[in-house]
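Quick caveat: nothing in here was measured; it's all calculated off a predicted structure.
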Amino acid sequence: MTSNTRILMLFDNMNRDYVSRLQSGAARKASASGVTIEAENIHGTDRSVESLLDSPGLGGVILTAPLCDDRHVLLQLEKRGIPFARIASMLDPGRGITVSMDEYEASREITGLLLEAGHRRIAIIRGPRSHLASMRRYNGFTAAMGTKGGRADPALIVEGDFTPESGKQLASKLLAGRPTAVFSSNDGMAAGFIEAARAAGYDLPGQISIVGFDDDPVAKSLNPPLTTVRQPLEEMGATACTLLADCIRGSGRSVAHADVPYAIVERSSIAPLATEAASAA
């Protein structure tokens, strides 16, 4: 492997924090691994994956969600014999190098914090179905709800697109269902919900507790500062780069897996269930 071996990091994602954190993690390891990282985000463009894969001098590819589970893209890579790593993949674990965290357990654990605070009418803002991680987070949420003998109320389940705008737009529907707490499948949608709920006169977390997912920079600056799952994006990007570079070099395997642990970051967006809310539930 030469020192200028090029690895393409592919995104189809509108979340700039997500993209930049993964990219910075990979770039941090690139020089020491003898590779260069080039990032391409095809979201909202007409660029085809095939045209990017056919660019000359390509040594390997890092796929991020949802491309990591796009079987057409995987097939195109395999047909061309290009080694690849997949970040946060949910399907086909035996294809390529996979790097992930436990989305299910993280969601179950953070929903458990709301349950421990006495909440039972817990709403969820799901992520888009095109991201399989959204389903894993939803399944973790419902598993946690089931531990208290309950289930998610259909009136308290909505689906956003990971943007703050969708969290804001869905707030009125959720608030009509009178939740005492909300699990947002990412911090951006939590930010939008908080803005809309405050505008509607709700006190957070006094009347509605809320938790998020990702620990994006916005989580610290929200009012209240958001309790959330810290997804180790930089470390996932760095691990994918290292394993893929080793594979290209011939010192690593083309099929491998690495788990990167998450962390729960507790701030001040959870309050105990108010007595009047508990009696009304």
Just so I know, are the side chains of V49 and Q76 near enough to count as touching, which here means a heavy-atom distance under 4.5 Å?
no
Are the side chains of S89 and T98 in touch, meaning some heavy atoms are under 4.5 Å apart?
yes
Where the side chain of H119 meets the backbone of A271, is there a donor-acceptor pair that is under 3.5 Å apart?
yes
From S254 OG over to I82 CD1, what is the distance, rounded to the nearest 0.5 angstrom?
13.5 Å
Please determine whether residues I124 and V229 belong to a single hydrophobic cluster, defined as Ile, Leu, Val, Met, Phe, Trp and Tyr linked transitively by side-chain heavy-atom distances below 4.5 Å.
yes
Using the rule side chain to side chain contact (heavy atoms under 4.5 Å, CB included), only one of I270, T228, L226 pairs with I210; which is it?
L226
Do R86 side-chain atoms and L91 backbone N/O form a donor-acceptor pair below 3.5 Å?
yes
Are any side-chain N or O atoms of S166 and backbone N or O atoms of D161, one a donor and one an acceptor, separated by less than 3.5 Å?
yes
Heavy-atom closest pair (A106 atom, M101 atom, distance to 0.1 Å) is CB-CE, 3.8 Å
Give, for atom CG of L22 and atom CG of L233, the distance between the pair rounded to the nearest 0.5 Å.
4.5 Å
Check: F162 main-chain N/O paired with N186 side-chain donor or acceptor under 3.5 Å:
yes
For V218, does its backbone N or O pair with a side-chain atom of S221 as donor and acceptor, under 3.5 Å?
yes
Any donor and acceptor pair, going by atom type alone, linking the side chain of S134 with main-chain N or O of P128 inside 3.5 Å?
yes
Mark yes or no for whether R47, through its side chain, and N41, through its backbone, hold a donor-acceptor pair below 3.5 Å.
yes
Check: I125 main-chain N/O paired with S185 side-chain donor or acceptor under 3.5 Å:
yes
Closest approach of A245 to V35 (non-hydrogen atoms, all atoms of both residues):
CB-CG1, 3.9 Å
How close do Y104 and A143 get, counting heavy atoms only, and between which atoms?
OH-CB, 3.1 Å
Begin from the C-alpha positions of N13 and T64 and carry the test side chain to side chain contact (heavy atoms under 4.5 Å, CB included) through to its verdict.
CA-CA 9 Å; N13 201 302; T64 63; 5.6 Å; no
Using side-chain heavy atoms (C-beta onward) and a distance below 4.5 Å, is F183 in contact with L113?
no
Residue pair I42 / T45, side-chain heavy-atom distance below 4.5 Å:
yes
If only atom types and distance count, is the side chain of R28 paired as donor or acceptor with the main-chain N or O of S24 below 3.5 Å?
no
Between V73 and L52, is there a shared hydrophobic cluster once you connect ILVMFWY residues whose side-chain heavy atoms come closer than 4.5 Å?
yes
Atom CD1 in I87, atom OG in S100: separation rounded to 0.5 Å?
10.5 Å
In this structure, CZ of R21 is separated from CD of E235 (nearest 0.5 Å) by 12.0 Å
Are R249 and T5 close enough, and set up right, to give a side chain to side chain contact (heavy atoms under 4.5 Å, CB included), and what steps lead you there?
CA-CA 10 Å; R249 186 186 296 116; T5 296; over 6 Å; no
Charged N to carboxylate O below 4.0 Å: is that the case for K168 and E165?
no
Please report the interatomic distance CD(E40) to CZ(F11), rounded to the nearest 0.5 Å.
10.5 Å
For the CZ atom on R253, are there more than 12 heavy atoms of other groups (residues, nucleotides or ligands in this structure) within a distance under 6.0 Å?
no
Is there a path of hydrophobic side-chain contacts, each under 4.5 Å between heavy atoms, that joins L53 and L67?
yes
H72/E50 under side chain to side chain contact (heavy atoms under 4.5 Å, CB included): CA gap, chis, key distance, verdict:
CA-CA 10 Å; H72 173 73; E50 287 89 346; 2.5 Å; yes
Look at the side chain of T227 and the backbone N and O of R267, then say whether any donor-acceptor pair between them is shorter than 3.5 Å.
yes
Could you point out which residue of E103, E105, E159 forms a salt bridge (charged side-chain N to carboxylate O under 4.0 Å, His left out) with R137?
E103
Quick one: do E195 and L222 satisfy side chain to side chain contact (heavy atoms under 4.5 Å, CB included)? Show the steps, please.
CA-CA 9 Å; E195 180 182 345; L222 293 173; over 6 Å; no
Is there a chain of hydrophobic side chains (I, L, V, M, F, W, Y, each step under 4.5 Å between heavy atoms) that links L244 to L77?
no
D54 and R80, any side-chain heavy atoms less than 4.5 Å apart:
yes
In the structure I gave you, are the side-chain heavy atoms of K220 and P225 within less than 4.5 Å of one another anywhere?
no
Rounded to the nearest 0.5 Å, what's the gap from CG on L156 to CD1 on I122? Could you check?
9.5 Å
What's the shortest heavy-atom distance between R126 and I157, and which atoms?
CD-CG2, 3.8 Å
Please determine whether residues I264 and V211 belong to a single hydrophobic cluster, defined as Ile, Leu, Val, Met, Phe, Trp and Tyr linked transitively by side-chain heavy-atom distances below 4.5 Å.
yes
For the residue pair D259 and D102, establish whether any side-chain heavy-atom pair is separated by less than 4.5 Å.
no
Given side-chain hydrogen bond (donor to acceptor under 3.5 Å, both in side chains), test R6 with S55 step by step and report yes or no.
CA-CA 11 Å; R6 184 164 62 92; S55 61; 3.1 Å; yes
Distance-minimising heavy-atom pair for A196 and A171
CB-CB, 3.5 Å
Counting only heavy atoms not in R16, do more than 12 sit closer than 6.0 Å to its CZ atom?
no
Do the non-hydrogen side-chain atoms of C247 and I97 ever get within less than 4.5 Å of each other?
yes
Where is the tightest heavy-atom contact between P205 and S269, given as atom of each residue plus distance?
CB-O, 3.4 Å
